[in-house]
Amino acid sequence: MANNLMKAFDAAFGHPRGKVGELGGRVMAKLNAKVEEHVVEVADPTMEEVVLVLGPGPGVGLKLAGERALKAIGVDPSQVMLDEARTRCAELIAAGRVELREGAAMRTGQPEASVDVVVSVNNLQLWGNRAAAFHELRRVLRPGGRLVVSVHRMALDTSEYDLMREAEQAGFADVRTSFHQYGGVVPPAVQLLAHVPA
């Protein structure tokens with residue numbers, strides 16, 4: 001019973017797939033909206049900047065980033081989530097302001113030093129090899145580029161200190177974390193901020 005529940009939870013939220021993944025996408029769009037809005041506000045992309053959105057899920061934060069940036073690129077391993085984001089961001093995609101690609105934190109598919117900002121909401125726990133992912137994000141960010149990661153505290157399997165150290169070891173500077181509560185049923189989140197030395 002517990003195993004079936006875990007499989008269903010993974011199909012809805014961990015690695016969204018099928019009809020359960022579509023339902024999970026609708027839940028994520030509603031529950032994560034405040035977090036997505038806050039992360040994009042903190043990242044503060046400009047009309048001259050390219051934003052990489054890791055795991056955009058149903059595309060709420062991707063749309064917000066695309067409305068503010070020169071371009072927002074969403075990279076997600078789930079075809080169901082890419083389809084959801086494609087629907088939500090259809091106008092921005094048509095305008096060339098949003099792109100969607102299959103990929104993940106360890107394999108973004110982006111050229112070196114090609115983006116100004118990387119944002120990630122509630123998927124750091126799915127990165128697999130965090131050290132390799134941080135190195136990949138450092139690789140694709142331009143000098144002076146910014147990283148903003150938010151993750152539910154209960155999903156984080158390490159301390160904030162160790163998370164900061166992993167980012168520093170990948171070459172990020174001015175790494176810091178903060179704790180955020182968004183109210184309602186949304187669990188408290190840890191936010192990590194860092195940048196690439198100019």
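The structure presented is a predicted model; accordingly, all values stated were derived computationally and were not measured. The basis for the numbers below is simple: all heavy atoms, side chains too, and nothing from hydrogens, waters or symmetry mates.
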Would you check if [X] and [Y] make a side-chain contact, meaning some heavy-atom pair closer than 4.5 Å?
X	Y	answer
Asp44	Arg68	yes
Leu52	Val119	no
Val51	Ile73	no
Val196	Leu147	no
Pro56	Met81	no
Val75	Val53	no
His38	Gln191	yes

- Output, in order, the C-alpha distance, side-chain angles, deciding distance and verdict of side chain to side chain contact (heavy atoms under 4.5 Å, CB included) for Glu102 and Arg107. CA-CA 9 Å; Glu102 189 276 332; Arg107 49 178 184 81; 3.2 Å; yes

Got a second to check how far [X]'s [atom1] is from [Y]'s [atom2], nearest 0.5 Å?
X	Y	atom1	atom2	result
Arg142	Glu112	CZ	CD	12.0 Å
Thr158	Gln125	OG1	CD	13.5 Å
Leu62	Glu84	CG	CD	13.0 Å
Cys89	Leu100	SG	CG	6.5 Å
Asp76	Leu54	CG	CG	9.0 Å
Thr177	Leu163	OG1	CG	7.5 Å

For residues [X] and [Y], report the shortest heavy-atom separation together with the two atoms involved.
X	Y	result
Pro197	Gly171	CD-O, 3.5 Å
Pro45	Ala69	CB-CB, 4.0 Å
Ser114	Pro111	OG-O, 2.7 Å
Val35	Ser150	CG1-OG, 3.6 Å
Ala133	Ala105	CB-CB, 3.8 Å

Salt bridge between [X] and [Y], side-chain N to carboxylate O under 4.0 Å?
X	Y	answer
Glu136	Arg139	yes
Glu168	Arg138	no
Arg101	Glu99	yes

- Task: Decide yes or no on salt bridge (Lys or Arg N to Asp or Glu O under 4.0 Å) for Arg88 and Asp83, but give the supporting numbers first.
- Result: CA-CA 9 Å; Arg88 178 167 271 107; Asp83 290 343; over 6 Å; no

Verify the cluster assignment for [X] and [Y]: are they in a single hydrophobic cluster under the rule of side-chain heavy atoms below 4.5 Å apart?
X	Y	answer
Leu124	Tyr182	no
Val140	Val175	yes
Met164	Trp127	yes
Val118	Leu64	no
Val117	Leu92	yes

- Kindly check if the number of other-residue, nucleotide or ligand heavy atoms within 6.0 Å of CZ (Phe179) is above 12? yes

- Without swapping roles, check the side chain of Asn129 against the backbone of Ala132 for a donor-acceptor pair under 3.5 Å. yes

- Item | side chain to side chain contact (heavy atoms under 4.5 Å, CB included) between Leu193 and Val42, intermediate numbers included | CA-CA 9 Å; Leu193 303 177; Val42 169; 3.6 Å; yes

- With side chain to side chain contact (heavy atoms under 4.5 Å, CB included) as the test, would you mind laying out the steps for Glu36 and Lys63 before giving the verdict? CA-CA 10 Å; Glu36 299 273 11; Lys63 183 177 180 189; over 6 Å; no

- Message: Quick check on salt bridge (Lys or Arg N to Asp or Glu O under 4.0 Å): which of Arg146, Arg97, Lys71 does Glu49 satisfy it with?
- Response: Arg146

- Stepwise side chain to side chain contact (heavy atoms under 4.5 Å, CB included) check, Val39 with Val149: CA-CA 8 Å; Val39 165; Val149 176; over 6 Å; no

- Task: May I ask you to check whether His195 and Phe172 place their ring centers less than 6.0 Å from one another?
- Result: no

- Message: Quick test of your reading: applying salt bridge (Lys or Arg N to Asp or Glu O under 4.0 Å), list the pairs with at least one residue in residues 170-179, sequence neighbours left out, ordered by first then second residue.
- Response: Asp174-Arg176

